[in-house]
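See below for the structure under consideration.
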Amino acid sequence: MKLAPKIIILLLIVTLGVMSIYSFYQVRRAEKSFNADAEANHVLLLSNSLGFLSKSLWELDKDIAARGMKPLFEAETVINIQIYDAEGNFFSGFQYNLNKENKKELVEYEDRHKEKDLPAKELVLKKTKFDLVPSKMVSPMINLTDDKHRLVGSLWWKETEISDPKFLGFVVLNFSTEYIAKRLLEQKLSFILFTLGLSLSILVLTYSLLEKQVINPIRKLMQASLDIADGRFTRLQSRTRFQIGSGEDEIDKLTTNFNFMVDKIEHSLNMIRGLSEASQAIVKCMNINESIQIYEKYLKDLIRVLKVEVWLNEDNEASDESKPVVRVSDQKKMENKNGISEKLQTDKNFINEDSKFSFSDDYVNFSILAVPLLNSKNKKIGIIELYFTKGSVDNSDESRGIINSLTTSLITAIENDWYVLREKNRANLERDIELASAVQDSIISKSFPESRFYDSSTFFKTASQCGGDWFGVYEVEDGKILVLFGDVTGHGTPAALITAVTRGSADMLLQFIKLGKADISKDFPSQVLQFINECIVETGKQTYLMTMVAALIDFKNQKIFASSAGHTPPAIITTLQGKNEVKYIYPSTGSRLGFAKGALYETKEFEFIPGQKIIFYTDGIVEGESPKLKEYGLKNFKKSMESHGAQEPEEFIKNITNDAYTFFSGAPQKDDIALLAIRFLNEKENKNINPNINKSDAA
């Protein structure tokens with residue numbers, strides 16, 4: 001149900017209720033008043049006739065009684081009058097009857113009425129006698145029905161002035177108040193008509209007022225609210241008010257507030273749309289400069305900013321600490337004035353409106369709002385200066401919200417640009433590393449010169465994409481090979497570059513050998529280390545050093561000539577009667593390669609027999625650790641070699657590396673690991689070897 005019918009029904013109920021109560025009260029009051037008046041009039045009427053009626057009863061003269069009773073009937077309300085003696089016997093009486101013409105006619109009571117004289121007999125039985133006091137000689141009104149009543153008067157007589165009064169009997173007067181009922185009915189009807197008329201008038205006036213002043217404005221408010229939901233911002237006109245009093249009422253204030261709300265909503269939505277467009281435009285820019293230009297443009301339009309200066313961390317990285325910042329517009333580095341930079345980068349809500357704290361001297365006559373740039377992780381990426389006309393910094397909540405919203409988008413754009421820059425650098429670095437890895441992959445020997453004198457197998461695994469371990473095997477004469485096995489300090493790209501230099505040096509030596517410009521004598525390994533050292537010193541700048549063992553193996557004479565630049569000693573494995581024995585050979589040791597120019601190295605001679613193995617390795621395998629940081633060590637490495645010493649080189653290498661990685665249990669590899677196993681063949685094993693040896697070297 002709508003509001004207007006509800007209000008009308010409520011007013012109707014209230015009006016009818018109030019008027020009904022009021023009418024009931026007035027009718028009851030009038031009824032009591034009329035009855036009181038009727039009683040008083042008939043008491044007075046009867047009292048005036050008591051003396052005359054007493055005389056008629058004293059003298060037993062009905063004619064006198066008739067003359068005393070008939071005048072009473074002039075009051076049209078009297079129904080009948082009856083006189084009784086002291087014993088309750090009927091004496092005389094008159095009443096109105098209807099004649100044949102249906103008209104009222106006054107007639108005397110007949111004898112047949114005597115049996116009906118119960119009121120007098122009841123009075124006698126109750127022995128009720130009225131006092132002689134005139135005001136008490138007539139009884140109070142007795143209600144027979146709603147409109148019929150009775151008065152009883154006492155009849156007395158005194159023979160002389162000095163004799164006592166004598167009670168003679170009663171007179172009973174019955175009268176009707178039917179006229180009062182008619183008058184009350186007329187009054188009730190008038191009240192009903194008045195109530196209905198008043199209610200109708202109130203309803204009409206109230207409905208008209210409500211419809212014009214309340215319901216219609218509310219209906220317009222409802223429609224305007226729906227329009228807002230549909231995106232139409234409708235304003236309401238103020239009502240034409242009654243010329244009663246002055247000022248706005250609640251509906252007018254509601255209309256004014258509604259229009260104000262619509263203005264605010266439309267303004268907010270326009271602001272949100274503008275900020276959304278600005279944020280998208282800022283984030284979508286190709287570089288930081290374009291993002292700052294759009295950021296500045298919108299701030300100029302929205303909060304009257306004159307100029308924007310952005311200072312970013314010098315290293316293009318967000319940080320928890322205060323860092324030097326550089327102005328994007330001219331790459332000027334910020335100077336710390338009065339500690340303002342630290343303050344801005346530690347207090348997110350700090351605002352600076354004093355131009356003397358500006359980071360630049362270009363706008364000293366302007367007020368400045370300085371805002372720190374903090375990313376979503378509350379890390380600092382820089383500072384923004386917003387320049388305003390002197391004394392006109394807009395620091396309202398709305399302006400702060402606009403600044404925060406656009407600044408958040410600018411921070412996103414800056415971090416996106418930084419991310420792209422980092423990704424480009426990372427991609428370039430990865431490409432360089434891949435290139436270095438590919439170069440290094442070509443440096444490490446994939447195959448050794450085929451020979452009837454030995455079998456071999458290798459293992460190589462770097463700790464990163466590029467490693468610092470390197471080895472090479474070169475056939476320098478028939479029945480002689482040169483083994484170079486080295487380890488650059490550290491690993492990664494710098495180490496890989498040193499290995500490349502080492503490979504280049506070894507290739508140059510091989511060319512000298514092919515040209516017959518190298519003396520392959522027992523001192524050849526030490527001369528090789530001296531040559532490679534000079535090359536590495538120039539490249540590594542004494543920063544990157546390399547350990548290496550150089551071994552010249554003479555298969556025909558069964559001798560090994562070895563020199564070491566601080567490298568781990570090779571191991572010789574001998575298998576006799578099913579038992580494997582591991583012994584280390586210790587060449588003369590000199591300084592690491594690349595440590596100093598002119599370093600000298602010595603060569604030491606060792607013997608071997610066919611069937612033995614020589615194992616070259618780097619310290620990556622012995623220094624590897626388990627998840628509990630326990631080192632593998634030479635002891636475990638030697639035990640593993642003893643367990644698998646009788647196996648062929650390929651199977652041997654596979655098993656000892658499996659033992660090591662089982663110990664590591666998935667722990668990260670700290671250093672590069674390289675292994676080379678060479679088994680010396682006897683004459684019987686040499687029979688099936690093709691004497692046409694492929695003298696290709698490994699790169």
Side chain to side chain contact (heavy atoms under 4.5 Å, CB included) test vs Val138 passes for just one of Leu45, Val152, Val43, namely Val43
From the list Leu57, Asp85, Leu155, side chain to side chain contact (heavy atoms under 4.5 Å, CB included) with Phe91 holds only for Leu57
Just wondering, do [Y] and [X] contact through their side chains at under 4.5 Å, heavy atoms?
X: Leu312; Y: Trp418; value: yes
X: Leu374; Y: Lys379; value: no
X: Leu369; Y: Arg400; value: yes

Would you confirm whether [X], through its side chain, and [Y], through its main-chain N or O, come within 3.5 Å as a donor-acceptor pair?
X: Asn375; Y: Lys380; value: no
X: Glu39; Y: Met141; value: yes
X: Tyr84; Y: Val172; value: no
X: Ser33; Y: Arg29; value: no
X: Glu309; Y: Glu385; value: no
X: Ser291; Y: Ile282; value: yes
X: Asn41; Y: Asp37; value: yes
X: Ser56; Y: Leu53; value: yes
X: Ser201; Y: Gly197; value: yes

Neighbour count above 12 (heavy atom, 6.0 Å) for Phe24 CZ:
no
- Report the C-alpha separation of Phe388 and Val305 in whole Å, then their side-chain angles, then the decisive distance to 0.1 Å, and conclude whether the side-chain contact (heavy atoms from CB on, under 4.5 Å) test is met. CA-CA 5 Å; Phe388 295 84; Val305 169; 3.6 Å; yes
Quick one: do Arg67 and Asp63 make a salt bridge, cutoff under 4.0 Å?
-> no
In Å, rounded to the nearest 0.5 Å, how long is the span from [atom1] of [X] to [atom2] of [Y]?
X: Leu72; Y: Ser49; atom1: CG; atom2: OG; result: 3.5 Å
X: Phe73; Y: Ile79; atom1: CZ; atom2: CD1; result: 9.5 Å
X: Leu46; Y: Ile81; atom1: CG; atom2: CD1; result: 7.5 Å
X: Leu106; Y: Phe94; atom1: CG; atom2: CZ; result: 6.5 Å
X: Thr77; Y: Asp147; atom1: OG1; atom2: CG; result: 12.0 Å

Original post:
Without hydrogens or angle criteria, can the side chains of Tyr295 and Ser409 be said to hold a donor-acceptor pair below 3.5 Å?
Top reply: no
- prompt: How about Asn143 and Thr145: does a side-chain donor come under 3.5 Å of a side-chain acceptor?
  reply: no
The single option from His149, His42, Arg150 that satisfies side chain to side chain donor-acceptor pair (under 3.5 Å) with Asn174 is Arg150
Note: Ile381 and Ala318 closest approach over all heavy atoms is CG2-CB, 3.5 Å
**side-chain contact (heavy atoms from CB on, under 4.5 Å) evaluation trace for Lys300 with Val308** = CA-CA 9 Å; Lys300 285 182 177 180; Val308 173; over 6 Å; no
inquiry  = side-chain contact (heavy atoms from CB on, under 4.5 Å) for Gln82 and Phe170? Distances and angles first, verdict last.
reply    = CA-CA 8 Å; Gln82 304 165 30; Phe170 306 95; over 6 Å; no
